[in-house]
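Predicted model only: the values in this text are computed from it and were never measured. Just follow the structure's listing: the first ligand is 1, and inside any ligand the first atom is 1.
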Amino acid sequence: MGKMKIDRIELVLCSLPYVHFFETSFGREKDRTFILVMAYAGGVCGYGECVADKAPLYSYETTRTAWMMLEDFLIPLLMKKSLSEPGEFYERARIFKGHPMAKAGLELALWDLLAKQKGKPLWKLYGGKYEEIPAGVSIGIQDSPSQLIERINGFLEEGYQRIKLKIKPGWDASICRAVREKLPGIRLQVDANGAYSLLDKKSLMELDAFGLEMIEQPFPPYDLWDHAQLQKEMETPLCLDESITSVETARKAVEMESCRVINIKAGRVGGITEARKIHDFCQARSMPVWCGGMLESGIGRAHNIHLATLPNFKYPHDLSASKRYYAEDLIEPPIDITPQGTIQVPHFPGIGVLPQEKRIRKASLKRKVFKTT
Ligand code: OSB
Ligand code: MG
């Protein structure tokens, strides 16, 4: 195989305001901070997005820890030796413990670069099978149930195939009841981002009454055991997000029966190489998966779309139109959904959408170039 001759890596710290605040069990946010990673080889540029946020709320990583990992360890590791494919970088980077989002940001840029060098869209490189994927929407905690229902109706009119509600103690069963009264037939699921413990079993059991497709991550990230205890008693499938950090934890979750569905995010698991391993493992064990999101800009979201074309992705994803997140996304054309509630997978090389340098510059807070010496 040929070598990927990387000339330089560029990091850009960006900030983009949301069109609507996003509130989860860990708080309300009005904008998103993230790192773009660009990998250059010859005239070709691969783009990745590191999904670490300002504060360590979803996981321990932050934009500053990710920048530090990239600058001090991951970029020097990449530059040390030539590379034939991104999976090789991922394997080498395993020597450094943790920091999956930092690793994934750089690995995604390498995947985009490789696909562009080969003149193929990423999904073809990955062996994806869908050319159109089902779109869902994740809706944050609102100020009132009526405001929530209004937002849900707006998204249903746009065609989204399922609605995911963020929940927390006090914004859970009563909210599901209010939504089900108005919208009995919609595909509905909830995500707690680890806001509960087994002491809350009674209020979690109440959720069985609402015909939810799944309950995502009721308990904190590293707790496969308590999820297994809850899954034994609940009819609604549990879905794990934060808990699944590698194919190894996926295996333990399957073997302990901690969940019946897994949400895959490349950033959470260290990149596409590990995400595909989890996908393949789950497929072999008949555990369906779907693609989660981290409110990415169009660059990160385009990567997610390609990943979601693999055959064991079996539910609508947290992949929505650009305009649902940002007034001005960083790419052209923006990601849009069809009236049937699907997203068409790009056919151009790499991520298949064009990052807009002017808009990146406008969003940027800090920029640094790392050259091969
Ligand atoms: O838990 O799935 C989550 C956003 C940020 C952090 C965690 C999560 C989310 C979402 C949004 O639910 C999904 C999206 O990108 O649309
Ligand atoms: Mg989640």
L165 side, atom CG; L212 side, atom CG - distance, nearest 0.5 Å: 8.0 Å
Heavy atom of the protein closest to atom 6 (C) of ligand 1 (residue, atom name, distance): M294 SD, 3.6 Å
With the Mg ion (ligand 2) as the apex, the OD2/OE2 angle for D191 and E216 - to 10°: 90°
Parallel, tilted or perpendicular: ring planes of W123 versus H347, cut at 30 and 60 degrees: perpendicular
D241 contact mode with ligand 1 (heavy-atom cut-off under 4.0 Å): side chain
Closest to atom 11 (C) of ligand 1 (judged by heavy-atom distance), picking from G136, S25, S138: S138
K164 contact mode with ligand 1 (heavy-atom cut-off under 4.0 Å): side chain
Atom nearest to the Mg ion (ligand 2) - D241, N, O or S atoms considered: OD2
R28 to F21 six-membered ring, cation-pi geometry met (6.0 Å, 45°): yes
Aromatic ring proximity, centroids under 6.0 angstrom, Y325 and Y18: no
Cation-pi geometry met for K366 and W67 (6.0 Å, 45°): yes
Ligand 1 contact by K265, heavy-atom criterion under 4.0 angstrom: yes
